[in-house]
Amino acid sequence: MSFEALGLHTNIIRALTDSGYTKPTPVQEQAIPAAIEGRDLMVSSQTGSGKTAAFMLPALHKLASAEIVSYENGKTPNQERQAARSRGDRPRFQAAKPKMLVLTPTRELALQVTTATDKYSAYTRRLKAVSILGGMPYPKQMQLLSRNPEILVATPGRLIDHMESGKIDFSELQMLVLDEADRMLDMGFIDDIEKIVAATPPTRQTMLFSATLDGMVGNMAKRITNEPLIIQIAGSASKHENIQQKVHFVDDLSHKNRMLDHLLRDASLDQAVVFTATKRDADTIADRLNIAGFAAAALHGDMHQGARNRTLDSLRRGQIRVLVATDVAARGIDVPGITHVFNYDLPKFPEDYVHRIGRTGRAGRKGLAISLVNHAEGMHVKRIERFTKQLIPVDVIEGFEPKKTAAPARSAARKPTGWKPGDSRKTGNNFGSSKPGQRSFSKPAGAGNSSSAGPRKEGGGYKGNRSSEGSARRSFGDY
Ligand code: ADP
Ligand code: MG
């Protein structure tokens with residue numbers, strides 16, 4: 001299958017060739033023709049499977065073709081604005097009337113979508129895509145909106161502000177995309193999303209992308225789409241077969257730090273992301289690594305947007321080799337040079353593990369994901385294994401052997417038969433906090449259905465609890 005066969009405009013294909021894309025990924029193969037036809041889509045497909053192009057290419061194709069649509073008095077709204085300006089009219093701020101809106105959970109992801117759009121639209125007339133984000137100076141946002149962009153990429157919160165102050169008018173909106181919809185719900189954006197959807201014309205085309213279509217996100221997807229084509233891409237990508245995963249047990253912090261330093265000197269390492277649980281740890285470890293001679297930098301939600309963008313730019317340009325990041329800040333990072341991901345701390349939620357390791361092995365490359373785990377965290381690893389339906393092998397490096405060997409429950413988990421539903425209770429809860437409102441790993445996740453090992457059910461049960469947790473999660477303040 002080729003991009004030509006999907007019916008895309010030659011100017012778009014030219015841009016893809018420039019980007020080194022030779023053939024569509026499976027999700028693109030299915031989504032693009034249907035989206036060009038105007039169908040609504042509900043898509044679940046793993047990180048790194050090429051979802052951005054799956055919605056942006058058909059959208060650009062349609063927007064570029066729509067150029068022929070004639071406007072009253074033969075001028076496009078932008079030409080009218082220009083004409084008014086050259087007449088010396090000083091019209092009051094006119095609301096931007098985008099044709100396409102892409103909602104994303106984080107600023108980084110929004111910027112990434114905008115960058116990809118610029119790349120894909122290099123040869124399609126002057127289609128403008130802009131990001132409207134929290135943390136961006138207000139005058140800058142006004143300036144971007146005054147250019148009346150065809151494509152708006154935004155995080156829900158900031159968009160609502162502009163809608164409420166009349167800066168954006170969705171009456172001409174043709175396409176609505178929810179990217180990483182599951183994540184937006186995790187972050188407590190459900191009300192904002194509903195409000196935004198309600199402000200768009202019912203005639204719009206809606207495309208929803210998510211790691212899963214189970215539970216709450218599936219319900220929302222059904223509500224806001226109209227006879228959608230459901231595309232579910234499973235297969236090797238969802239198992240991250242191109243990413244080798246390992247656990248190294250550590251005795252204490254100093255053992256962990258020495259091991260990290262050692263692993264960062266691996267000759268096959270090009271660039272790495274080290275995940276920490278807190279912003280402060282991200283800063284501290286980045287500092288420590290810099291002193292040890294690594295080109296390291298931190299990335300977390302407390303940094304100003306400008307600083308975050310600069311850090312990501314340096315990472316892309318290869319000036320930073322080791323990025324030390326918190327979960328939400330690192331989400332959506334798409335840098336092909338990332339060969340290694342380290343879990344300095346394990347993530348709070350098993351699905352974050354999947355997003356973390358997805359920072360490596362981009363576009364089919366190989367990657368290595370290493371978790372540095374305290375013996376007390378064995379259970380936590382098991383939960384991740386249960387979520388991903390994969391066992392993570394334990395490895396030992398010569399000279400860095402842990403004093404303790406793996407806990408007995410842990411060795412049982414290494415056998416191909418995997419975990420047993422009852423195991424968790426034996427070892428008890430040695431990790432995770434139980435602050436009110438926070439999900440605690442001590443509760444058996446599948447209490448009601450622990451005998452069913454199917455990934456859909458597991459996922460469904462897991463996400464089913466979200467509504468009450470969205471706000472708790474939001475208050476972690478990591479994005
Ligand atoms: P997702 O949103 O599914 O996580 P992205 O859209 O971010 O995935 O794409 C992941 C990476 O794959 C990006 O670097 C992108 O440029 C690249 N990519 C996307 N489609 C193709 C393709 N058809 N051929 C080669 N690389 C691609
Ligand atoms: Mg994506």
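We count ligands from 1, going down the list as the structure has it; atoms in each ligand are counted the same way.
No donor-acceptor pair under 3.5 Å is formed between the side chain of Asp179 and the backbone N or O of Thr104. A donor-acceptor pair under 3.5 Å is absent between the side-chain atoms of Thr225 and the main chain of Pro228, judged by distance alone. Of the possible polar contacts, none joining the Asp270 side chain to the Thr339 backbone as a donor-acceptor pair under 3.5 Å is found.
Residue-ligand proximity: Glu180 is placed with every non-hydrogen atom at 4.0 Å or more from ligand 1. Within the 4.0 Å heavy-atom shell around ligand 1 one does not find Phe209.
Heavy-atom contacts of Lys23 reach the following atoms of ligand 1: 22 (C), 23 (N), 24 (N) (cutoff under 4.0 Å). Here is the list of ligand 1 atoms found below 4.0 Å of a heavy atom in Thr52: 2 (O), 5 (P), 6 (O), 7 (O). Within ligand 1, the atoms closer than 4.0 Å to a non-hydrogen atom of Ser49 are 1 (P), 3 (O), 8 (O), numbered from 1 in the order shown. For ligand 1 and Phe3, the ligand atoms under 4.0 Å from any heavy atom of the residue are 23 (N).
Checked by distance only, ligand 1 and Gly50 come closer than 3.5 Å through their nitrogen or oxygen atoms. Checked by distance only, ligand 1 and Asp334 come closer than 3.5 Å through their nitrogen or oxygen atoms.
In this structure, His61 and His9 have perpendicular ring planes: the angle between them is above 60°, well past the 30° mark.
Ring to ring, Phe387 and Tyr353 are not that close: their centroids are 6.0 angstrom or more apart.
The cationic atom of Lys256 (NZ for Lys, CZ for Arg) lies less than 6.0 Å from the six-membered ring centre of Tyr344 and within 45° of the ring axis.
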